[in-house]
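A short write-up of the structure that comes next.
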Amino acid sequence: MGRSEDFQPIARRDLLGLLGLTGAAAWLPAGQAYAQARGATLVIGIDISDTITLDPVKQAQYTPPITLAATYDALMTLAPGDYIEPKPALATAWRRTPDGKGWRFTLREGVKFASGATMTAEDVQFSFQRLLAMKEQTQQYLKAVDRCEIVDAKTIDLVMNAPAAPLLNILCAPSFGILEKKVVEAQGGSMADDAKEKDKATDWLNQNSAGTGPYRLVRWERNQQIQLARNPHHWRGAPAFERVVIRHFSDSAAQLLAVRRGDIQAAFNLIPEQIATLRDDPAVRAERLPSLDFVYMALTQNPEFNRALAQKPCRQAIGHAIDYDGITTNMLGGAALRPAHFLPIGVNGSTEEIAREIGFRQDLEKAKRLLQEGGFADGFEFEIAYGNAAVAGVSYQLLAQKIQADLTRVGIRVRLNPMDQVNLRTAYTTGRTQGGVLTFWNPPAVENELWAAAVVERVARRVHWPVPPEMTALVKRAAEEPDVAQAATLWVEWQRAMVDQANHFILFQPIYQIAVRNTVKRFPLTAAGWQLEIGQTTPA
């Protein structure tokens with residue numbers, strides 16, 4: 001694993017000692033446990049069990065973007081609270097190419113990578129061409145882009161095969177951060193057509209970063225910690241903290257204890273009851289922000305896996321048997337919304353009113369009628385798989401148990417199958433899950449087309465749904481419709497059809513509730529897909 005000369009990664013034992021979690025130090029008063037690092041190190045507690053790579057091109061999980069957004073800059077970004085108008089980052093301006101078939105970007109001058117080298121148009125071209133050639137999931141988000149061409153030393157073009165397709169908001173995501181070509185190539189990186197087979201840079205990028213971001217990656221230990229060091233060359237100016245440590249906590253009670261004692265400065269996975277206990281703590285506050293994430297259950301319709309789930313009425317019965325209000329009210333303390341389908345509330349065509357009109361709601365009698373219509377009047381049995389992790393302060397285990405209890409009321413029997421996060425993702429993405437899957441979606445970028453296209457192009461294959469051509473065409477029409485109101489009408493039509501298809505049930509869209517110690521002054525949460533602007537976080 002890579003090490004730099006000016007920053008020595010903290011060994012796990014030393015880190016635990018620094019944070020007051022070994023031996024007698026574990027019982028130090030709050031705040032004293034990390035006295036050596038006070039004012040210099042930001043320590044975040046969060047479940048990062050789903051982090052399986054930190055190569056931007058290969059990222060497709062929930063928590064890695066928080067790290068990638070701190071270590072890489074994209075051409076543009078989205079400011080917290082404004083998810084419509086992109087803001088300049090590594091590009092200072094953009095416009096259509098003269099032929100109207102792409103976008104032209106003017107690059108910011110004088111930007112340096114964490115290595116100290118100056119960013120060039122060649123670095124930008126390499127980053128996009130590598131991403132396109134690797135053909136990972138991130139490439140699907142840019143499927144309308146054919147190639148990146150250099151116009152001159154400070155200008156690049158993204159040439160598109162579908163000029164009307166949405167692009168700008170997509171480019172704000174950390175997955176499209178710019179990498180230093182020379183460094184990545186030295187580690188086996190490639191932008192050649194055969195990069196998917198030949199590129200060898202991922203192992204190095206899992207332990208080092210090659211970006212222009214406010215921090216740089218210096219160590220990652222899976223299910224333990226991620227360590228970042230300040231990038232003194234950052235074009236916005238050096239960030240406030242010298243170091244950032246992202247510590248893995250699978251247990252929310254441990255996070256609560258750690259933030260109370262001052263062993264960490266922010267806790268991301270507290271349940272509502274735990275947040276409530278902090279109201280009278282003068283040292284800790286709760287930061288809240290509606291997210292654009294959601295947690296959902298996917299159901300296969302492969303008859304070889306489950307004959308009942310192959311019947312749409314039986315899947316619809318499941319949709320009407322779930323107590324959604326009980327999940328949002330009792331399990332999440334009301335800190336959640338619930339969209340109708342794969343468009344979170346807050347984007348064009350998705351509102352709470354629309355969700356109430358066309359989304360599933362609990363109706364046990366209707367569920368029983370649908371079971372009879374599907375040929376399983378006495379119910380049936382199926383499996384729900386889920387990861388050994390928590391999301392929005394709720395463990396997938398508790399969520400699965402709640403659904404299990406709800407479905408029992410209409411005669412549907414559920415077997416629970418907890419799995420390691422990596423194994424779960426592999427089984428789900430390759431279409432091998434035998435019944436239901438509990439998982440999440442967070443925006444790779446704030447763009448309706450990405451949510452909807454994911455359903456009809458990738459998620460449909462995972463649940464063995466042969467998508468009718470008219471559904472794919474509807475997504476394309478809605479995404480390319482320039483009139484906002486007409487686009488909203490098309491997106492509502494798409495959601496209505498997806499609810500009827502009944503392969504995916506949105507369980508909740510969380511409102512972030514993060515416990516933050518008052519030793520941190522600015523803690524800018526974002527719903528753009530990376531949760532927190534680490535580079536803009538400041539101490540009190």
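Owing to the predicted nature of the structure, the values given are computational and were not obtained by experimental measurement.
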Regarding R338 and the six-membered ring of F508, is the cationic atom NZ or CZ under 6.0 Å from the ring centre and inside 45° of its axis?
-> no
Drop me the distance from E136's CD to D199's CG, to the nearest 0.5 angstrom.
-> 9.5 Å
If you round to the nearest 0.5 Å, how far is NE2 of H320 from CZ of R315?
-> 13.0 Å
No-hydrogen, no-angle side-chain donor-acceptor test under 3.5 Å, D73 and T212 = yes
Answer yes or no: is there a donor N or O on one side and an acceptor on the other, between the side chain of N206 and the main chain of L54, under 3.5 Å?
-> yes
Evaluation steps, side-chain contact (heavy atoms from CB on, under 4.5 Å), between F128 and L75 | CA-CA 11 Å; F128 280 105; L75 293 178; 3.8 Å; yes
Student check: side-chain heavy atoms of D323 and K402 closer than 4.5 Å | yes
May I have the step-by-step check of ring pair (Phe, Tyr, Trp, His ring centres under 6.0 Å) for F505 and F360, ending in yes or no?
-> CA-CA 8 Å; F505 308 98; F360 281 106; 5.2 Å; yes
Any ion pair linking D123 and K181 (charged N to carboxylate O, less than 4.0 Å)?
-> no
If you look at every heavy atom in G374 and Q311, which pair is closest and at what distance?
-> O-CG, 3.7 Å
Looking at side-chain heavy atoms only, is the closest gap between I358 and Q495 below 4.5 Å?
-> yes
Going through the distances and angles, do N423 and T426 end up as a side-chain hydrogen bond (donor to acceptor under 3.5 Å, both in side chains)?
-> CA-CA 5 Å; N423 294 338; T426 300; 5.5 Å; no
Note: P65 and W530 closest approach over all heavy atoms is O-CB, 3.4 Å
Are N417 and L424 close enough that some pair of their side-chain heavy atoms sits under 4.5 Å apart?
-> no
Taking only Lys NZ, Arg NE, NH1 and NH2, and the carboxylate oxygens of Asp or Glu, determine whether E357 and R496 approach each other closer than 4.0 Å.
-> yes
Selection residues 160-180 - residue pairs positive for ring-ring contact (aromatic ring centres under 6.0 Å, His included), sequence neighbours left out = none
Salt-bridge criterion met for D82 and K87 (N-O under 4.0 Å) | yes
Tell me, do Y324 and T329 make a side-chain contact under 4.5 Å, heavy atoms counted?
-> no
Without swapping roles, check the side chain of R104 against the backbone of P98 for a donor-acceptor pair under 3.5 Å.
-> no
Just wondering, do H248 and D47 contact through their side chains at under 4.5 Å, heavy atoms?
-> yes
Kindly check if the number of other-residue, nucleotide or ligand heavy atoms within 6.0 Å of CD (E109) is above 12?
-> no
Quick one: does Y83's side chain have a donor or acceptor within less than 3.5 Å of a partner on A527's backbone?
-> yes
Does the ring centre of Y296 sit less than 6.0 Å away from the ring centre of F342?
-> yes
Listing, residues 444-455 side-chain donor-acceptor contacts under 3.5 Å, not counting sequence neighbours, or none:
from	atom 1	to	atom 2	distance (Å)
E447	OE2	E449	N	3.2
N448	ND2	N348	O	2.8
E449	OE2	K143	NZ	2.6

When you look at L399 and L507, which way does the side-chain contact (heavy atoms from CB on, under 4.5 Å) test go after all the steps?
-> CA-CA 9 Å; L399 192 58; L507 301 175; 3.8 Å; yes
D146 side-chain N/O to V159 backbone N/O, donor-acceptor pair under 3.5 Å = no
Candidates D293, T439, T51, D50 - the one meeting side chain to side chain donor-acceptor pair (under 3.5 Å) with Y62 = D293
First locate atom CZ of R425, then atom CG of D420, and finally report the distance between them rounded to the nearest 0.5 Å.
-> 13.0 Å
Between the CE atom in M331 and the CD1 atom in I327, the distance rounded to the nearest 0.5 Å is 6.5 Å
Quick one: closest heavy-atom pair of E197 and K200, and the distance?
-> O-NZ, 3.6 Å
Hey, is CD on E353 packed in by over 12 heavy atoms from elsewhere, all under 6.0 Å?
-> yes
Donor-acceptor pair, S291 side chain versus P510 backbone, under 3.5 Å?
-> yes
Are K476 and E480 ion-paired here, with the side-chain N under 4.0 Å from a carboxylate O?
-> yes
Determine yes or no for a side-chain-to-main-chain donor-acceptor pair under 3.5 angstrom, with T328 supplying the side chain and D325 the backbone.
-> yes
K312 atom NZ, neighbour heavy-atom count above 12 within 6.0 Å | yes
Looking only at heavy atoms, what is the nearest atom pair of L171 and M76, with distance?
-> CB-CE, 3.8 Å
Distance-minimising heavy-atom pair for L131 and L142 = CD2-CD1, 3.9 Å
From CD1 (I514) to CG (L289), nearest 0.5 Å | 9.0 Å
Does S209 reach the side chain of Y72, with side-chain heavy atoms less than 4.5 Å apart?
-> yes
Is there a donor-acceptor contact under 3.5 Å from the side chain of D363 to the main chain of K366?
-> yes
Do D99 and T97 have a side chain donor and acceptor closer than 3.5 Å?
-> yes
Short question: side chain of N388, backbone of M419 - any donor-acceptor pair under 3.5 Å?
-> yes
Distance-only, no hydrogens or angles: does the H504 side chain make a donor-acceptor pair with backbone N or O of L299 under 3.5 Å?
-> no
Report the C-alpha separation of D500 and Q316 in whole Å, then their side-chain angles, then the decisive distance to 0.1 Å, and conclude whether the side-chain hydrogen bond (donor to acceptor under 3.5 Å, both in side chains) test is met.
-> CA-CA 7 Å; D500 178 72; Q316 292 174 333; 3.3 Å; yes
After noting the C-alpha distance and the side-chain angles of Q301 and Q501, does the key distance pass the side-chain hydrogen bond (donor to acceptor under 3.5 Å, both in side chains) rule?
-> CA-CA 10 Å; Q301 64 176 60; Q501 177 60 28; 2.9 Å; yes
Let me see the working for R130 and D55 under salt bridge (Lys or Arg N to Asp or Glu O under 4.0 Å), right down to the final yes or no.
-> CA-CA 12 Å; R130 177 176 183 258; D55 182 342; 2.8 Å; yes
Kindly check if the number of other-residue, nucleotide or ligand heavy atoms within 6.0 Å of CZ (R458) is above 12?
-> yes
Q509 side chain to I511 main-chain N or O, any donor-acceptor pair under 3.5 Å?
-> no
With a 4.5 Å limit on heavy-atom distance, are the side chains of L270 and Q513 in contact?
-> no
Taking atom CD1 of I534 and atom CD1 of I66, what is their separation to the nearest 0.5 Å?
-> 4.5 Å
For the student: nearest non-hydrogen atoms of L490 and R477, plus distance | CD2-NH2, 3.2 Å
No-hydrogen, no-angle side-chain donor-acceptor test under 3.5 Å, Q397 and Y386 | yes
Over 60° means perpendicular and under 30° means parallel, so classify the ring planes of F105 and W94, tilted if in between.
-> tilted
Is F113 close to V183 at the side-chain level, that is, under 4.5 Å between some pair of heavy atoms?
-> no
Counting heavy atoms not belonging to E304, are there more than 12 under 6.0 Å from its CD?
-> no
